[in-house]
Amino acid sequence: VTVTPEGKQAVSASFDNTLKVWDLDTGRCLRTLEGHSGPVHGAAVTLGGNRVVSASLDSTLKVWDLDTGQAQLTLEGHAASVYSVALTPDGKRAVSASGDCTLKSWDLNTGQALLTLEGHAATVYSVALTPDGKRAVSASLDSTLKVWDLDTGQALLTLEGHAATVYSVA
């Protein structure tokens with residue numbers, strides 16, 4: 001689940017292949033976003049609150065207009081399920097975490113993959129970005145977290161210490 005910046009709406013991702021947009025004052029479902037062919041595992045809202053990006057087990061991401069509920073772009077390029085997505089503060093890029101052991105950086109205006117971040121030995125379950133949008137931190141089945149430079153795509157650090165899968169990072 002993700003919440004719009006002004007705190008008025010939440011967007012939930014579901015294994016029923018949809019996202020739902022909720023009014024947090026009334027509890028009413030405002031709209032259902034349909035278009036993924038597999039369960040939706042993650043979502044992130046732009047700071048402007050007008051777009052949401054969803055991550056699906058169908059190996060794609062979708063960029064949605066929150067006002068209309070229409071899909072604007074489908075981001076294709078991962079070879080396995082996409083589990084998580086994070087957005088840069090300017091809303092221009094997304095970073096996705098996938099079962100193909102990679103992360104990808106995406107241009108949200110064109111839908112093109114900008115970088116593929118390789119280095120994990122297993123599924124990448126979660127990704128978070130630093131407030132300046134320059135670095136990503138990923139969590140993996142390989143029991144590590146990695147810190148990435150989003151300009152170069154290089155892994156800067158590997159954080160070790162967990163004895164099992166790391167499912168989430170914030």
Side-chain angles (χ1 to χ4, degrees), residues 1-100 102-117 124-139 148-151 153 168-170:
V1 66
T2 186
V3 177
T4 57
E6 79 287 348
K8 297 288 186 189
Q9 297 175 345
V11 181
S12 58
S14 175
F15 264 50
D16 68 5
N17 303 1
T18 71
L19 297 102
K20 289 196 180 287
V21 181
W22 302 92
D23 183 307
L24 293 181
D25 290 327
T26 66
R28 190 170 64 94
C29 179
L30 300 174
R31 66 192 52 83
T32 299
L33 311 181
E34 298 178 290
H36 280 292
S37 63
V40 184
H41 206 273
V45 174
T46 58
L47 282 180
N50 59 337
R51 297 198 298 174
V52 64
V53 181
S54 56
S56 175
L57 302 190
D58 68 9
S59 303
T60 70
L61 297 103
K62 287 191 181 290
V63 181
W64 306 86
D65 181 304
L66 267 182
D67 294 327
T68 67
Q70 297 300 306
Q72 297 174 324
L73 291 169
T74 299
L75 311 179
E76 298 177 301
H78 279 294
S81 298
V82 184
Y83 291 101
S84 179
V85 61
L87 306 180
T88 56
D90 63 10
K92 293 181 180 178
R93 288 187 297 159
V95 179
S96 55
S98 174
D100 65 11
T102 71
L103 297 101
K104 288 189 181 288
S105 173
W106 304 89
D107 181 313
L108 291 181
N109 290 321
T110 67
Q112 297 300 305
L114 302 171
L115 291 170
T116 298
L117 312 176
V124 185
Y125 283 116
S126 184
V127 61
L129 303 185
T130 56
D132 62 8
K134 294 182 185 278
R135 293 199 266 174
V137 182
S138 56
W148 305 89
D149 181 310
L150 289 178
D151 289 329
S168 185
V169 61

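- In this structure, the separation between NZ on Lys92 and OG1 on Thr110 is 12.5 Å, given to the nearest 0.5 Å.
- Closest approach of Ala43 and Val52 over heavy atoms only: CB-CG2, 4.1 Å.
- Within the 4.5 Å cutoff, the side chain of Ser54 has heavy atoms near those of the Val40 side chain.
- Among all heavy-atom pairs drawn from Pro89 and Pro131, the shortest one is CG-O, 2.8 Å.
- Using a 4.5 Å cut-off on side-chain heavy atoms (C-beta onward), His78 and Thr102 make contact.
- Annotation: side chain of Trp64 is in contact with side chain of Leu19 (closest heavy-atom distance under 4.5 Å).
- Between the Ser105 side chain and the Val95 main chain, no donor and acceptor come within less than 3.5 Å of each other.
- For Asp58 (side chain) and Ser37 (main-chain N/O), a donor-acceptor pair under 3.5 Å exists by modelled atom type.
- Between the Ser12 side chain and the Val1 main chain, no donor and acceptor come within less than 3.5 Å of each other.
- Judged by distance alone, the side chain of Ser126 and the main-chain N or O of Val169 form a donor-acceptor pair under 3.5 Å.
- The salt bridge (charged side-chain N to carboxylate O under 4.0 Å, His left out) pairs that include a residue from residues 23-42 are Lys8-Asp25, where partners are two or more places apart or lie in different chains.
- Minimum heavy-atom separation, Pro5 to Leu47: CG-O, 2.8 Å.
- By the 4.5 Å heavy-atom criterion applied to side chains, Trp106 and Val85 are not counted as neighbours.
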With a 3.5 Å cut-off and sequence neighbours excluded, list the donor-acceptor pairs that the side chains of residues 66-75 form with protein atoms.
from	atom 1	to	atom 2	distance (Å)
Thr68	OG1	Gln70	N	3.2
Thr74	OG1	Lys62	NZ	2.7

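- A 4.5 Å side-chain heavy-atom check between Ser96 and Val82 finds at least one atom pair inside the cut-off.
- Heavy-atom minimum distance, Ala128 versus Ala86: CA-CB, 4.3 Å.
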For this session: Take Lys20 and Leu33 through the side-chain contact (heavy atoms from CB on, under 4.5 Å) test and state the conclusion after the steps.
Result: CA-CA 6 Å; Lys20 289 196 180 287; Leu33 311 181; over 6 Å; no

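- The closest side-chain heavy-atom distance from Tyr125 to His41 is not below 4.5 Å.
- A donor-acceptor pair shorter than 3.5 Å can be found between the side chains of Thr116 and Lys104.
- A donor-acceptor pair under 3.5 Å is absent between the side-chain atoms of Ser56 and the main chain of His36, judged by distance alone.
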Problem set entry | side-chain contact (heavy atoms from CB on, under 4.5 Å) evaluation trace for Thr88 with Leu129 | CA-CA 7 Å; Thr88 56; Leu129 303 185; 3.9 Å; yes

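- With a 4.5 Å cut-off on side-chain heavy atoms, Thr4 and Thr46 do not count as touching.
- In this structure, Gly99 and Ala80 approach most closely via the heavy-atom pair C-CB, 3.6 Å.
- If you take CG on Asp100 and OG on Ser81, they are separated by 9.5 Å, rounding to the nearest 0.5 Å.
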